[in-house]
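For reference, the structure is listed below as structure tokens.
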Protein chains: 2
Amino acid sequence: MTTSSMKDVARAAGVSVGTVSNVLNRPEAVAEETKRRVQAAIAKLGYVRNDSARQLRAGRSRNVAIVVLDVANPFFTDVVRGAEPLVDSAGGVVTVCDSGEDVRREQRQLEILEEQRVLGLLITPVDDSSTERLERLTDHDIPVVLVDRGAGLHPHCSVAVDDVHGGRLAARHLVERGHTSIAYIGGPLSISQVSDRLAGCREVCEEAGARLEAFTSVSLNVAGGRQAVEQMLRLPSPPTAVFCANDLVALGALQGLTMHGVKVPEECAIVGYDDIDFAAAAAVPLSSVRQPRAQLGRTAAQLLFEEIAEGKGHTHRNVVFQPELVARASTDVEL
Amino acid sequence: MTTSSMKDVARAAGVSVGTVSNVLNRPEAVAEETKRRVQAAIAKLGYVRNDSARQLRAGRSRNVAIVVLDVANPFFTDVVRGAEPLVDSAGGVVTVCDSGEDVRREQRQLEILEEQRVLGLLITPVDDSSTERLERLTDHDIPVVLVDRGAGLHPHCSVAVDDVHGGRLAARHLVERGHTSIAYIGGPLSISQVSDRLAGCREVCEEAGARLEAFTSVSLNVAGGRQAVEQMLRLPSPPTAVFCANDLVALGALQGLTMHGVKVPEECAIVGYDDIDFAAAAAVPLSSVRQPRAQLGRTAAQLLFEEIAEGKGHTHRNVVFQPELVARASTDVEL
DNA sequence: CGGAATGATTGAATCGTTTCACGTGGGGGT
DNA sequence: ACCCCCACGTGAAACGATTCAATCATTCCG
């Protein structure tokens, strides 16, 4: 059996294609009897609507694309999950694209998405190199919402989380537990998240008179955390707590400490960032700064649809959320 | 600025639309001078090809869809990554769909994908309820490759991994290290992966005369592993090793053991399954049975394109890969 | 009973590409 | 000078769904 079109259905049901279209799109405008005949024909032929044709006519697709830095990163999967229900209920379809932090890949994806005339776009750009292309999308009436990146002067809406405040939360938590010597692990500083979190942490430490040691020449993964901890343990009097720029680094830190027989949290406390599922799943469950990820996605989708609805007269909004601290065993001790 | 079409470009360059199309698709067939003029017009107008129209004409899209049970699961993200390069180089585009183990979601996705006339489909179906629809896709000339599911009698190609053998590998590894009392943690047995791994494990244990205790009424996640371990520790003489149906369970086991002050691997060894990144990242790096995930994806894509190329005369193939054991600290001790 | 209002259906135009059968003009071979 | 071929371009016909003005058949009302 081969694919059949509306014309085939129309012929089989003895009506015109216009009527078939009506059955599909405005069933209330078609007589009961006719409707039945058409539906029977559809079932018999196994007819499936051709979305390309429909989109061509409509001028745009129903796809909302989400371009993320890494699909394997729980942060982004949660953002996607947050956005999905809203897009769904607006009759849209979510397409997830993984740029893999690769500018060239990102460019290619954007190109394809533009060719597909997507309804809108949520994106965490790899860096500034796509700015131009994103503005062009907006020019072509494809609204863009930036996720986890400030919009700055760009003509887009954005949703983000206050990383400086997140840094404050972590440091305050440790200071409250009596720590006076804290290590910050995460790099490079060129990533705004990394430097913002450090800034917040520093602010609180200075205020409280705590010593702060920053290990910023590490990569943001497990190996980075492990290495930094090893470096740290070589200090004459190592800090009694570490605050890590994300949970992968924190897991690495935990591993490094465990390997060297340092007890967590008794001899060294750990705070991570992101509160990924594996933070709670660690041998010693990790305290972590949680970002409202799902809400980020939900709000991003909301802004997108607002922009679609309002059209030209739309004013861009930049929404900033506050993170919260989740305390677990890795900091569960008072000095 | 609004979106411009080929016609606009043609007008601006003083040629016919056919020529514009040629510049885009068969540049060698058009004179240098003309080509330059057209390209200039394209740049000036910011023309972007309309994929809907292209697809409509072509009768199919360039999209290869991959429907997975859970995008957040590293198993699937690696499968996707394995498939991507191949699809890319074939001029295709990968679309990832997350069924979230929800049959209704899966149905909806398949519906949409069929409407989009995807080029082909790699899928790990939630259960048997989509069998019918998948066959229909094949009927409609959309090739389907099953991932991590045997094709059985269905008219599809498939790629899978030998789970029984994986169970054997894990058990043999433990037996070789002198363990004579082993626990298997994972459930429910209705999942073929769970029961196959147990079967392989049992086979080796019986052969070696080792005692095997199976905890099969747990869910396949961290909490499940933790609970099973707690149950296990209440036994009069607990096993000295646990083999977990997947790494999440193993991480839970590690957490449970750590909480109860049981040293890993000295007092209890652990083997996981899947070798997700977090296995190596655990406080005590976990030994695990690794599946050739990327290769699974790559091969699946290969089979798909073979089927596309061969058309009607295609014979379905069912490829089965062998897993391998990765030894790490969690089993690094001889009794 | 004529005419208007209502309801159901039709037919054709349209969206933007691709493709292919045809021009058209210029060169080369004989 | 003739013919043929080649290289370039053209124009129009698809592809399949949506939309809307136009048509046809009823029913209702005065």
Side-chain angles (χ1 to χ4, degrees), chain A residues 2-39 41-42 45-62 91 111-112 114-119 140-142, chain B residues 2-39 41-42 45-62 91 111-112 114-119 140-142:
Chain A
T2 185
T3 315
S4 47
S5 75
M6 265 194 166
K7 209 172 353 173
D8 302 321
V9 174
R11 189 166 335 121
V15 298
S16 76
V17 292
T19 302
V20 178
S21 173
N22 282 336
V23 170
L24 259 36
N25 302 313
R26 306 143 59 194
E28 74 285 357
V30 176
E32 275 307 322
E33 161 59 12
T34 318
K35 204 191 306 181
R36 249 195 306 279
R37 269 210 330 276
V38 171
Q39 279 161 344
I42 288 179
L45 297 178
Y47 165 76
V48 177
R49 213 207 232 104
N50 184 324
D51 214 36
S52 314
R54 201 237 267 269
Q55 280 178 32
L56 172 58
R57 189 74 231 283
R60 53 171 66 274
S61 86
R62 297 169 302 158
E111 215 166 287
I112 291 172
E114 195 175 355
E115 290 186 359
Q116 314 210 104
R117 301 289 190 269
V118 288
L119 191 54
H140 286 19
D141 294 322
I142 299 181
Chain B
T2 185
T3 314
S4 47
S5 75
M6 264 192 165
K7 211 176 343 180
D8 303 321
V9 173
R11 187 164 339 118
V15 297
S16 75
V17 291
T19 302
V20 177
S21 172
N22 281 336
V23 170
L24 260 36
N25 303 311
R26 306 141 61 193
E28 73 284 359
V30 48
E32 275 307 321
E33 162 57 12
T34 318
K35 204 190 309 181
R36 248 194 306 278
R37 268 208 333 275
V38 171
Q39 278 161 345
I42 288 179
L45 297 178
Y47 164 77
V48 177
R49 209 207 235 105
N50 183 322
D51 213 37
S52 314
R54 200 238 266 269
Q55 280 178 33
L56 173 57
R57 188 73 233 280
R60 52 170 70 275
S61 86
R62 295 169 303 157
E111 214 167 287
I112 291 172
E114 196 175 354
E115 288 187 359
Q116 316 213 96
R117 301 288 191 271
V118 289
L119 191 53
H140 285 18
D141 293 322
I142 298 182

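In the text below, chain A, chain B and the rest are named by the order of the sequence lines, each starting its count at 1. Not measured: the values here are computed from a predicted model.
Residues from residues 4-13 of chain A that place a heavy atom under 4.0 Å from any atom of DNA chain D, listed by number: A/S5, A/M6. If you check residues 49-62 of chain A against DNA chain D, the residues with a heavy atom closer than 4.0 Å are A/R49, A/N50, A/A53, A/R54, A/L56, A/R57, listed by number.
Each end of the helix from C/dC1-D/dG30 to C/dT30-D/dA1 yields a helix axis from five base pairs, and these two axes differ in direction by 50° (to the nearest 10 degrees).
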Worked check of side-chain contact (heavy atoms from CB on, under 4.5 Å) between A/E111 and A/E114: CA-CA 5 Å; A/E111 215 166 287; A/E114 195 175 355; 5.9 Å; no

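The shortest non-hydrogen separation linking A/Q55 to B/S52 is OE1-OG, 3.3 Å. Minimum heavy-atom separation, B/E115 to A/V48: CG-CG1, 3.7 Å. Between A/N25 and A/R49, the closest heavy-atom pair is OD1-NH2, 2.9 Å. Across all their heavy atoms, A/T19 and A/T34 have their closest contact at CG2-CG2, 4.0 Å. Of all non-hydrogen atoms in A/T3 and B/H140, the two that sit nearest each other are OG1-O, 3.9 Å. The nearest pair of heavy atoms linking B/A41 to B/A12 is CB-CB, 4.0 Å.
Side-chain contact between A/Y47 and A/L24 is present, with heavy atoms from C-beta onward closer than 4.5 Å.
Scored by the salt bridge (charged side-chain N to carboxylate O under 4.0 Å, His left out) test, A/R11 finds A/D8 as partners (sequence neighbours excluded).
Along DNA chain D, the nucleotide nearest B/T19 and the nucleotide nearest A/V17 are compared for position; the residue whose nucleotide lies closer to the 5' end is B/T19.
You can see that DNA chain C meets the heavy atoms of chain A within a 4.0 Å-exclusive cut from C/dA8 to C/dG16, reading 5' to 3'.
Within the 4.0 Å cut-off from OP1 or OP2 of D/dT18, at least one side-chain nitrogen or oxygen of A/N25 is found.
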Pairs under 3.5 angstrom, nitrogen or oxygen only, protein versus nucleotides 20-24 of chain D, please.
none

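Expressed to the nearest 0.5 Å, how far NZ of B/K35 lies from CD of B/E32 amounts to 4.0 Å. With rounding to the nearest 0.5 Å, the separation of OG in A/S61 from CG in A/L119 is 6.5 Å. One distance of note links CG of A/N50 with CE of A/M6; it measures 10.0 Å at 0.5 Å rounding.
At a threshold of 4.0 angstrom between heavy atoms, the contacts of B/V20 with the nucleic acid are absent.
When each of B/R117, B/R57, B/R62 is checked for a salt bridge (Lys or Arg N to Asp or Glu O under 4.0 Å) with B/D51, only B/R62 meets the rule.
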